[in-house]
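What follows is a short report on a single structure.
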Amino acid sequence: MTTTEKTSPFTLAVCAEMVFRALPVLDRLKRITELGFQAEIWDWTKHDIKAIAKSGATFSSMTGYVTGTLADEEGANELLRTARLSIPVARELDCPRLNLHGTGLDGQGLPIVKSEVVTGAMWLKAVDTLKRIADLGEEEGVTFVLENLNEAVDHPKTPFAKAADTIALVTAVNRPSLKLNLDLYHAQIGEGNLIELCRTALTHIGEIQVADVPGRKEPGTGEINYPAIARALNEMGYRGTIGMEAWPSGDDELALSRFRDAFSL
């Protein structure tokens, strides 16, 4: 009997901030690349951009701003200012997607500007800010992606945290230069119903990020049936990037192998 080796219909990427953490970042990028994955980074100001640009890694996404918020004028101006600063970095890394959140996050992942409640005025301001971001993206030929987060475990009191919020905002703007970074780890904690969530968001997805629940470990360590999600995404016709933004439960290479297996058909 012969068997057909499984392959992934998706582009698989790995967050270099979360794997091989005993190694310097250049060595992490080398290992990620050797294992056949693209790489993602967070705050670009904490990296030697010229060095990592020469690492041989193919970059999938990076944080597309340094500071700023969506829902107030001062914060929006700061978001636009630092988003503009991020674009030359993305060009140097040949990185296609610049990631945004509802507000900046501190070193512990907590929101810089906490929101007890998101008002109608904040929603309107957020849409206006994202329209300005979309204008910038079109002007510069780059794509910004808005990531959902979770408030229950990792990012309490973050405005526009839920996937339903980011989908509503991106749909309201409805521009090719602004897409979703649909993070299924965060969505499982906040909402669940992941396959239907993907279906609802499909036309606006720029990237999907994954980790398992609980613990934010690699796929296969928790409650999310990622092979079923992979099959459903394939049937929907999704052919974009799946990024593992997860802490390895043990051996790093084993974690990456489990990730690849979960998204191979």
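Count residues from 1 along the sequence.
- In this model, no donor atom of one side chain and acceptor atom of the other lie less than 3.5 Å apart for N193 and R199.
- The minimum heavy-atom distance between R132 and A76, with the atom names listed, is NH1-CB, 4.0 Å.
- The structure places CG of L98 at 11.5 Å from CG of L178, a figure rounded to the nearest 0.5 Å.
- With rounding to the nearest 0.5 Å, the separation of CG in N99 from CG in N181 is 4.5 Å.
- Separating the CD atom in E34 from the CG atom in D27 is a distance of 9.5 Å, to the nearest 0.5 Å.
- Side chain to side chain, S249 and E218 meet the donor-acceptor criterion of an N or O pair below 3.5 Å.
- Side-chain contact annotation: R258 with T221, donor-acceptor N/O pair under 3.5 Å absent.
- In this structure, K217 places its NZ atom where more than 12 heavy-atom neighbours from other residues, nucleotides or ligands lie under 6.0 Å away.
- In plain terms, the two heavy atoms of Y185 and A211 that are nearest each other are CB-O, 3.5 Å.
- In summary, R84 and E139 engage in a salt bridge, as defined by a charged side-chain N under 4.0 Å from a carboxylate O.
- Summarising the local packing, NZ of K157 is surrounded by 12 or fewer heavy atoms from other residues, nucleotides or ligands at distances under 6.0 Å.
- The CG atom of L182 lies 5.0 Å from the CD1 atom of I205; values are rounded to the nearest 0.5 Å.
- Side-chain contact of E40 with S60: a donor-acceptor pair under 3.5 Å is present, judged by distance alone.
- Side-chain atoms of E245 and H186 form no donor-acceptor pair, as typed in the model, at a separation below 3.5 Å.
- Here the straight-line distance linking atom CG of L169 with atom CD1 of I133 works out to 12.5 Å at 0.5 Å rounding.
- Take D135 and apply the salt bridge (Lys or Arg N to Asp or Glu O under 4.0 Å) test, not counting sequence neighbours, and it matches R175.
- Remark: side-chain polar atoms of D212 are paired, donor with acceptor, to backbone N or O of I224 under 3.5 angstrom.
- Among F259, F37, F263, the one residue that satisfies the side chain to side chain contact (heavy atoms under 4.5 Å, CB included) test with M244 is F259.
- Interatomic distance, NE2 of H101 versus CG of L70, reported as 10.5 Å (0.5 Å rounding).
- Applying the side chain to side chain contact (heavy atoms under 4.5 Å, CB included) rule to P9 yields the partners N234, R239, L265; only residues at least two apart in sequence or on another chain are considered.
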